Amino acid sequence: MDNELPREQLLVDRPTAMRMLGLKDPRTVLRLVRGGRITGFTACGRWYFNRASIEAFARGE
């Protein structure tokens, strides 16, 4: 996956999530959240995503 992130980092921002999943369109990440495929939330107008759910989605789980 993305080995440059520390293992203890539980949340990632939208650009990092896009890089981890190999996505180009930022709306795709939000579609995955709304579809229940990955876990994410907004705080102070920015999106954050659960790193473990992104890694599991990338593995096909």
Side-chain angles (χ1 to χ4, degrees):
M1 204 53 15
D2 192 357
N3 293 329
E4 64 191 52
L5 293 174
R7 288 301 317 159
E8 59 274 356
Q9 184 175 349
L10 301 177
L11 299 175
V12 296
D13 59 4
R14 185 169 22 185
T16 304
M18 289 173 55
R19 189 172 65 244
M20 291 173 72
L21 295 171
L23 301 173
K24 303 286 185 217
D25 187 354
R27 295 174 293 182
T28 304
V29 180
L30 300 181
R31 286 184 198 118
L32 292 172
V33 171
R34 290 184 184 113
R37 311 283 305 268
I38 62 175
T39 305
F41 64 93
T42 59
C44 298
R46 294 187 58 151
W47 276 94
Y48 296 94
F49 306 93
N50 179 283
R51 178 185 173 146
S53 71
I54 292 173
E55 291 175 342
F57 180 78
R59 287 191 306 265
E61 297 175 5

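Remember, predicted model here, so these are calculated numbers, not experimental data. When a residue number appears, it is its place in the shown sequence, counting from 1.
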Side chains of Trp47 and Asp13: closer than 4.5 Å at any heavy-atom pair?
no

Quick one: CD1 on Ile38 to CG on Leu21, what's the gap to the nearest 0.5 Å?
6.0 Å

Within a 6.0 Å radius of atom CZ on Arg31, are there more than 12 heavy atoms belonging to other residues, nucleotides or ligands?
yes

Test log, rule side chain to side chain contact (heavy atoms under 4.5 Å, CB included), inputs Asn50 and Val12:
CA-CA 7 Å; Asn50 179 283; Val12 296; over 6 Å; no

Candidate pair Lys24 and Met18, rule side chain to side chain contact (heavy atoms under 4.5 Å, CB included), full reasoning
CA-CA 7 Å; Lys24 303 286 185 217; Met18 289 173 55; 5.7 Å; no

Is there a side-chain contact between Arg51 and Leu10 in this structure, where contact means two heavy atoms from C-beta onward sitting under 4.5 Å apart?
no

Could you tell me if the side chain of Leu32 sits less than 4.5 Å from the side chain of Ile54, heavy atoms only?
no

Gap separating the CZ atom of Arg27 from the CZ atom of Arg34, nearest 0.5 angstrom:
11.0 Å

Check whether any side-chain heavy atom of Arg14 lies under 4.5 Å from a side-chain heavy atom of Leu30, and answer yes or no.
yes

Working for side chain to side chain contact (heavy atoms under 4.5 Å, CB included), residues Thr39 and Phe49:
CA-CA 6 Å; Thr39 305; Phe49 306 93; over 6 Å; no

Rounded distance [0.5 Å steps], OH in Tyr48 versus OG1 in Thr42
10.0 Å

